[in-house]
Amino acid sequence: MKGRTAKASTSRNTDNKLAVKKKGKGEKDPNKPKRPPTAFFVFMEGFRKQYKEAHPKNKSVAVVGKAGGEKWKSLSDSEKAVFIAKAGKLKAEYQKKIDAYEKGQNVEEMEEEESDKSKSEVNDGEDDDSEEEEEDDD
DNA sequence: ACCTTGATTGTTCCG
DNA sequence: CGGAACAATCAAGGT
């Protein structure tokens with residue numbers, strides 16, 4: 001959870017007309033990156049396979065979903081941290097893709113005028129190769 | 001569609 | 001104008 005500490009209700013409304021989001025799924029962007037899997041999904045990726053081996057005759061993903069959810073809650077913080085770390089990396093990469101995607105759509109129409117326009121370089125240097133596997137035994 | 005949880009996003013309101 | 005807080009949508013997996 002980020003800084004979004006869910007406060008129950010601060011009585012901050014007069015008419016209760018809170019966010020009504022629409023699907024707006026009509027937009028088709030070929031370059032639009034999908035959302036990266038959350039820690040739970042990353043965990044599920046392996047869990048599904050595991051479950052499939054334990055129950056090769058199962059066909060419902062729903063069953064695996066429920067089982068995964070329960071297992072997930074049964075994991076220790078340290079174990080979950082492993083997936084969270086992976087999700088964190090994926091999220092970072094996703095943000096990078098989004099950056100590129102937005103820039104691609106933004107060929108022109110730049111509201112932000114930068115006096116200095118000499119900067120149009122995307123970081124291509126990949127040096128982050130430190131595989132860190134922190135496993136903490138409880 | 002079933003189903004899970006987390007993350008991102010959109011919307012509204014207060015300072 | 002910006003952040004805080006909340007509400008809703010979306011991400012995959014297999015038949």
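Model, not experiment: these values are computed from the prediction. Naming convention: chains lettered A, B, ... in sequence-line order (proteins, then strands); numbering from 1 in each chain.
Taking atom CH2 of residue Trp72(A) and atom P of nucleotide dA11(C), one finds them 20 Å apart after rounding to whole Å. Distance Gln95(A) CD to dT9(B) C1': 11 Å, rounded to the nearest Å. Counting to the nearest Å, the C1' atom of dA11(C) and the NZ atom of Lys32(A) are 12 Å from each other. In this structure, the NZ atom of Lys71(A) is 18 Å from the C1' atom of dC3(B), given to the nearest Å. Summarising the geometry, the separation between CZ on Phe47(A) and C1' on dT5(B) is reported as 13 Å, rounded to the nearest angstrom. Computed from coordinates, the Tyr51(A) OH to dC3(B) C1' distance equals 12 Å when rounded to whole Å. In this structure, CG of Leu90(A) is placed 16 Å from P of dA11(C), rounded to the nearest angstrom. Per the geometry, CD belonging to Glu70(A) stands 13 Å off C1' belonging to dT5(B), to the nearest Å.
One hydrophobic cluster holds both Leu75(A) and Phe40(A) under the rule that ILVMFWY side chains link at heavy-atom gaps under 4.5 Å. Hydrophobic clustering (ILVMFWY, side-chain heavy atoms < 4.5 Å, transitive): Val61(A) and Phe41(A) are in distinct clusters.
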Kindly express the pairing pattern of DNA chain C in dot-bracket notation, using | wherever a base pairs with another strand and counting only Watson-Crick or G-U pairs under 3.5 Å. |||||||||||||||
Between N or O atoms, less than 3.5 Å apart, protein on one side and nucleotides 12-15 of chain C on the other: list the pairs.
{"residue": "dG13(C)", "atom": "O4'", "partner": "Arg48(A)", "partner atom": "NE", "Å": "3.2"}
{"residue": "dG13(C)", "atom": "O4'", "partner": "Arg48(A)", "partner atom": "NH1", "Å": "3.1"}
{"residue": "dG13(C)", "atom": "N2", "partner": "Val61(A)", "partner atom": "O", "Å": "3.4"}

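By the neighbour-count criterion of 12 heavy atoms within 6.0 Å, atom NZ of Lys71(A) is sparsely surrounded, having that number or fewer from other residues, nucleotides or ligands.
Phe83(A) is linked by a ring pair (Phe, Tyr, Trp, His ring centres under 6.0 Å) to Phe43(A), Trp72(A), counting only residues two or more places apart in sequence or in another chain.
Formation of a donor-acceptor pair under 3.5 Å by the Glu93(A) side chain with backbone atoms of Leu90(A) is not found in this model.
In this structure, Ala87(A) and Pro37(A) approach most closely via the heavy-atom pair CB-O, 4.1 Å. Closest approach of Lys97(A) to Pro33(A), counting heavy atoms only: CB-CG, 4.1 Å.
Other residues sharing a hydrophobic cluster with Tyr94(A) under the 4.5 Å side-chain heavy-atom criterion for ILVMFWY residues are Ile98(A).
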Using atom types as modelled, flag every donor-acceptor pair under 3.5 Å from a side chain in residues 46-56 of chain A to any protein atom, sequence neighbours excluded.
none

